[in-house]
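One structure follows; several queries about it will come next.
Remember, it's 1-based here, ligands and their atoms both numbered in the order they're listed.
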Amino acid sequence: MTSLPLVFDAPRRALPPRHLADLDPAERRAAVAELGLPGFRADQVARHYFGRFTADVDAMTDLSPAARDVLRPLLPELVTPVLEQACDDGATRKTLWKGHDGTRAESVLMGYPDRATVCVSSQAGCGMACPFCATGQGGLERNMSTGEIVEQVRQAAAAARDGALGAPARLSNVVFMGMGEPLANYKRVVAALRRITSPAPDGLGISARGVTVSTVGLVPAIDKLAAEGLPVTLAVSLHTPDDELRDTLVPVNNRWKVDEVLDAARRYAMTTGRRVSIEYALIRDVNDHPWRADLLGKKLAQRIGKHRVHVNLIPLNPTPGSEWDASPRRVQDEFVRRVEAAGVACTVRDTRGREIAAACGQLAASEA
Ligand code: SAH
């Protein structure tokens, strides 16, 4: 029985071992007590991990060697870098990670004059099946654990501090725009949000204002998130204002329609006081028509309110094997003009990392 090889599905889908970053402060103290150490040791190890971005127990020299050995199981290596690529003169760095079970996920660290942002994955793969997205083509492999999500942020914070972007920088922003649908992994993502935004020793101390959760529009989960008391920014991947096209571009639209999603976005903005961001990947001759820009502006102004929303246009980053392409510049400019004419702010996303395939699962896909 013990010699059965682990070739079945279930072990691949198992979540990784328990990690310090999975635990809230009370759970952390309980876990340390279970290991037979006094509760203050829990805060000590957390101060290293969350406050100094140190996951190496042996570097925690204010703990005795014996205590380090006892605490070691709380800090298993969850994500191991297998590939790193840089571009934009080193201001964009992409990391491909391997999980304990071999699953692949990626994150991207981006430096700007006034901030440093990491884009993280929340699932290995994705079940939402958007046809223009590289991750959507492979299906969902498994959810990522809270610890795996926090580890991407912790390692990015350490890298930024240690000068990976050139000069030492403080990680100020976290966007859930890597692989996966964060609101489909709700519990673990919300726990990760708490670890990311709580001040040390309970968390990494990144302001909730600097954190963005991007979703295809899972309406009940948007409402639940609004009630968490975590004023993170919500981004909704709309991609078109009409149901007919959105049913194919974002298949979950067959469950929650454009108007329902926009109404949930308005409720989110009202509850949290945060302006919502609407993501719109401009695809040549697919969703870039002037009438769609007009309808988008009108619907956003009516259903959300023009001061509670802004549009983020993303020039499509073509996925290998797809016939879709980004819109020509003048079509993009006209689209922006029309959305703004409705009184809604509209900017074009600075596209980082094109040449390192830093879009939504492209690196993991090219490696596979
Ligand atoms: N599942 C979440 C977050 C992951 S993707 C969501 O859909 O919002 C982050 C953003 O990148 C989404 O707006 C997504 O639609 C967009 N995106 C995916 N593939 C893209 C591509 N090939 N070009 C441009 N944007 C893309």
Ligand 1 and G180, any nitrogen or oxygen pair closer than 3.5 angstrom?
-> yes

Any heavy atom of M128 sitting closer than 4.0 Å to ligand 1?
-> no

Atoms of ligand 1 under 4.0 Å from any heavy atom of F176, numbered from 1 in the order shown, are 3 (C)

Between E279 and ligand 1, is there a nitrogen or oxygen pair with a distance under 3.5 Å?
->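 There is no such contact.
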
Proximal atoms of ligand 1 relative to C133 (non-hydrogen, under 4.0 Å) |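 That gives atoms 18 (C), 19 (N) of ligand 1.
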
Given that the side chain starts at C-beta and the backbone is N, CA, C, O, which of these parts of F132 lies under 4.0 Å from ligand 1, counting heavy atoms, or is it both or neither?
->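 Near ligand 1, F132 shows its backbone as well as its side chain.
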
Would S198 and D202 count as having a side-chain donor-acceptor pair, cut-off 3.5 Å?
->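 Not at all, the side chains of S198 and D202 share no donor-acceptor pair under 3.5 Å.
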
Would you mind listing which atoms of ligand 1 come within a distance below 4.0 Å of any non-hydrogen atom of S237?
->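 Every atom of ligand 1 under 4.0 Å from some heavy atom of S237: 6 (C), 7 (O), 8 (O), 12 (C), 13 (O), 15 (O).
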
Does G136 have a non-hydrogen atom less than 4.0 Å from ligand 1?
-> no

Does the ring centre of H289 sit less than 6.0 Å away from the ring centre of F335?
->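 No, too far apart.
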
Do R337 and E334 meet the salt-bridge criterion of a basic N to acidic O distance under 4.0 Å?
->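 So E334 pairs with R337 through a salt bridge.
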
d(R47 CZ, R52 CZ) to nearest 0.5 Å is 7.5 Å

Identify whether the distance between the nearest side-chain nitrogen and carboxylate oxygen of D333 and R329 falls below 4.0 Å.
->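 Salt bridge between D333 and R329, a charged N being under 4.0 Å from a carboxylate O: yes.
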
Would you give the length of the straight line joining atom CZ of R292 to atom CG of L245, rounded to the nearest 0.5 angstrom?
->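 Rounded to the nearest 0.5 Å, the CZ-CG separation comes out at 4.5 Å.
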
Could you note down all residue pairs passing ring pair (Phe, Tyr, Trp, His ring centres under 6.0 Å) where residues 69-93 supplies at least one of them, sequence neighbours left out?
-> none

Measure H239 to ligand 1 on non-hydrogen atoms and call it side chain, backbone, both or neither using the 4.0 Å cut-off.
-> side chain

Within the structure, does T319 bring an N/O atom to less than 3.5 angstrom of an N/O atom in ligand 1?
->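 Among all N and O atoms of T319, none is under 3.5 Å from an N or O of ligand 1.
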
Distance-only side-chain donor-acceptor flag, E151 / Y49, under 3.5 Å =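 The criterion, which ignores hydrogens and geometry beyond distance, is satisfied for Y49 and E151.
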
Side chain, backbone, both or neither: which part of T215 comes within less than 4.0 Å of ligand 1 when only heavy atoms are counted?
->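 Backbone only.
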
